[in-house]
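A quick write-up on the structure given underneath.
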Amino acid sequence: MELLTTPADRFDNLPDWPYASQRVDVGHGAHMAFVDEGPRDAAPVLLLHGEPTWSYLYRHMIPVLLEAGHRVVAPDLIGFGRSDKPADRADHSFAAHVEWMTTFVAEALDLTDITLFCQDWGGLIGLRVVGEQPDRFARLVIGNSGLPTGDQEMPEAFMRWQHFSQTVESFPVSPMIQGATNRELTPAELAAYDAPFPSEAFKEGPRIMPSLVPTSPDNPASAANRKAWEVLMAFERPVLTTFSDNDPITGGGDRVFQKLVPGTKGQDHTTVSGGHFLQEDAGPELAAIINGFVDATG
């Protein structure tokens, strides 16, 4: 597998991002970059981003979580951020991303007593990891995400996005993030989202991810996602939904989790004001919600 690594100077002087990046081998020669802040003996809060962002998405949440005394771990998915990027689109698969993240969580860092916050592909991958390693997770916080199996009809907005992602000539990373965020990002913030991708050759991950979402029952990931749902439907540890009020792709997905996952019962589920990238629109609020949830369920 040919891997590309974004030059380090692309990440110089990012606004609101003072965190040192570490790297660890997660298999097949691929190195995953991550931020690991706070006391090592504290229970970790694991922040998983989605498409086409990276851990920079959590810059407004990390300080609030650290102030509460948490250890905060925020990895970049393979193909994103500072992590290695497979040069061949075919090297990206749902299974590969789950394997990489499982290796990161269970072997490289050996995390336990995890509070997971996941959004977008962070949920698709993260909830699969929960399905395979449920005992490592103390609680889940799910925002603007899901775990499709292809057995249900997908929103038209997603189908349009999937088609666009596979046909557009130049993949516009920062404009897509701005288009799915209510607040206006600064030029420096937009540049930070473009930083991982010096050229189109580095964007095979962002390009392929939408096509990997199961939209038919015979998708290669459908069976494994159904198996993960079996675990989730028996998951009795606390689960909180924090979806936003302005996301045409995942809107209503919180009710699915609340209906099917026993750990959601009796929790103070929250709807925040924001677009798809609710971390940009309501980051400090989300972090405060996580802090309160940990306190209430600890």
Taking atom [atom1] of [X] as the centre, does the number of heavy atoms from other residues, nucleotides or ligands within less than 6.0 Å exceed 12?
{"X": "Arg255", "atom1": "CZ", "result": "no"}
{"X": "Glu236", "atom1": "CD", "result": "no"}
{"X": "Asp295", "atom1": "CG", "result": "yes"}
{"X": "Lys265", "atom1": "NZ", "result": "yes"}

> Would Thr5 and Leu3 count as a side chain to side chain contact (heavy atoms under 4.5 Å, CB included) if you check the C-alpha gap in whole Å, the side-chain angles of each, and the deciding distance to 0.1 Å?
Replying inline: CA-CA 7 Å; Thr5 302; Leu3 295 164; 5.6 Å; no
Are [X] and [Y] close enough that some pair of their side-chain heavy atoms sits under 4.5 Å apart?
{"X": "Val239", "Y": "Leu232", "answer": "no"}
{"X": "Ser165", "Y": "Phe171", "answer": "yes"}
{"X": "Asp84", "Y": "Arg23", "answer": "yes"}
{"X": "Val261", "Y": "Met233", "answer": "no"}
{"X": "Ile290", "Y": "Met61", "answer": "yes"}
{"X": "Val129", "Y": "Leu116", "answer": "no"}
{"X": "Pro198", "Y": "Thr6", "answer": "yes"}
{"X": "Glu2", "Y": "Asp88", "answer": "no"}

Calculate, to the nearest 0.5 Å, the distance between atoms [atom1] and [atom2] belonging to [X] and [Y] respectively.
{"X": "Arg207", "Y": "Glu200", "atom1": "CZ", "atom2": "CD", "value": "5.0 Å"}
{"X": "Phe293", "Y": "Thr115", "atom1": "CZ", "atom2": "OG1", "value": "7.5 Å"}
{"X": "Ile125", "Y": "Ile78", "atom1": "CD1", "atom2": "CD1", "value": "10.0 Å"}
{"X": "Asp120", "Y": "Gln279", "atom1": "CG", "atom2": "CD", "value": "8.5 Å"}
{"X": "Trp161", "Y": "Gln166", "atom1": "CH2", "atom2": "CD", "value": "8.5 Å"}
{"X": "Glu153", "Y": "Met159", "atom1": "CD", "atom2": "CE", "value": "9.0 Å"}

> How far apart are the C-alpha atoms of Val73 and Phe104, what are their side-chain angles, what is the distance that settles it, and do they pass the side chain to side chain contact (heavy atoms under 4.5 Å, CB included) test?
Replying inline: CA-CA 11 Å; Val73 178; Phe104 175 79; 3.8 Å; yes
If we ignore hydrogens and angles and just use 3.5 Å, is the side chain of [X] paired with the main-chain N or O of [Y] as donor and acceptor?
{"X": "Asp113", "Y": "Ala138", "answer": "no"}
{"X": "Asp281", "Y": "Arg183", "answer": "yes"}
{"X": "Ser83", "Y": "Gly79", "answer": "no"}
{"X": "Thr270", "Y": "Asp268", "answer": "yes"}
{"X": "Arg10", "Y": "Ala195", "answer": "yes"}
{"X": "Arg40", "Y": "Gly38", "answer": "yes"}
{"X": "Glu37", "Y": "Val72", "answer": "no"}
{"X": "Gln267", "Y": "Thr264", "answer": "no"}
{"X": "Arg128", "Y": "Leu147", "answer": "no"}
{"X": "Ser222", "Y": "Thr149", "answer": "yes"}

[X] to [Y] - nearest heavy-atom pair and separation:
{"X": "Val213", "Y": "Asn219", "result": "O-ND2, 4.0 Å"}
{"X": "Thr181", "Y": "Phe277", "result": "OG1-CB, 3.6 Å"}
{"X": "Pro134", "Y": "Arg237", "result": "O-NH1, 3.5 Å"}
{"X": "Asp25", "Y": "Gly27", "result": "OD1-N, 2.8 Å"}
{"X": "Cys118", "Y": "Ser145", "result": "O-CB, 4.3 Å"}
{"X": "Ala42", "Y": "His70", "result": "CB-C, 4.3 Å"}

Under 3.5 Å side-chain donor-acceptor pair for [X] and [Y]:
{"X": "Asp245", "Y": "Thr271", "value": "no"}
{"X": "Ser55", "Y": "Asp76", "value": "yes"}
{"X": "Ser244", "Y": "Asp247", "value": "no"}
{"X": "Thr241", "Y": "Gln258", "value": "yes"}

If Ile, Leu, Val, Met, Phe, Trp and Tyr residues are connected whenever their side-chain heavy atoms lie under 4.5 Å apart, and connections chain through other members, are [X] and [Y] in the same group?
{"X": "Phe137", "Y": "Val231", "result": "no"}
{"X": "Val64", "Y": "Val141", "result": "no"}
{"X": "Val256", "Y": "Phe158", "result": "yes"}

Is it true that [X] and [Y] make a salt bridge, defined as a side-chain N closer than 4.0 Å to a carboxylate O?
{"X": "Asp110", "Y": "Arg136", "answer": "yes"}
{"X": "Glu280", "Y": "Arg59", "answer": "yes"}
{"X": "Glu230", "Y": "Lys227", "answer": "no"}

>> Using the ring-ring contact (aromatic ring centres under 6.0 Å, His included) definition, which of the options Trp54, Tyr19, Phe197, Tyr56 pairs with Phe11?
In response: Trp54
> For Trp17 and Tyr58, what are the C-alpha separation, side-chain angles and deciding distance, and is it a ring pair (Phe, Tyr, Trp, His ring centres under 6.0 Å)?
Replying inline: CA-CA 9 Å; Trp17 193 250; Tyr58 288 104; 9.0 Å; no
> Is the distance between the ring centroids of Trp229 and Phe235 under 6.0 Å?
Replying inline: no
> Does the pair Asp36 and Leu109 meet the rule for a side chain to side chain contact (heavy atoms under 4.5 Å, CB included), with working shown?
Replying inline: CA-CA 10 Å; Asp36 190 350; Leu109 269 65; 4.1 Å; yes
> Hey, what's the ring geometry for His92 with Trp100, parallel, tilted or perpendicular (30° and 60° as the breaks)?
Replying inline: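 Judged by the thresholds at 30° and 60°, the geometry between His92 and Trp100 is perpendicular.
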>> Test side chain to side chain contact (heavy atoms under 4.5 Å, CB included) on Leu48 and Trp121; report intermediate values, then the result.
In response: CA-CA 8 Å; Leu48 297 187; Trp121 263 99; over 6 Å; no
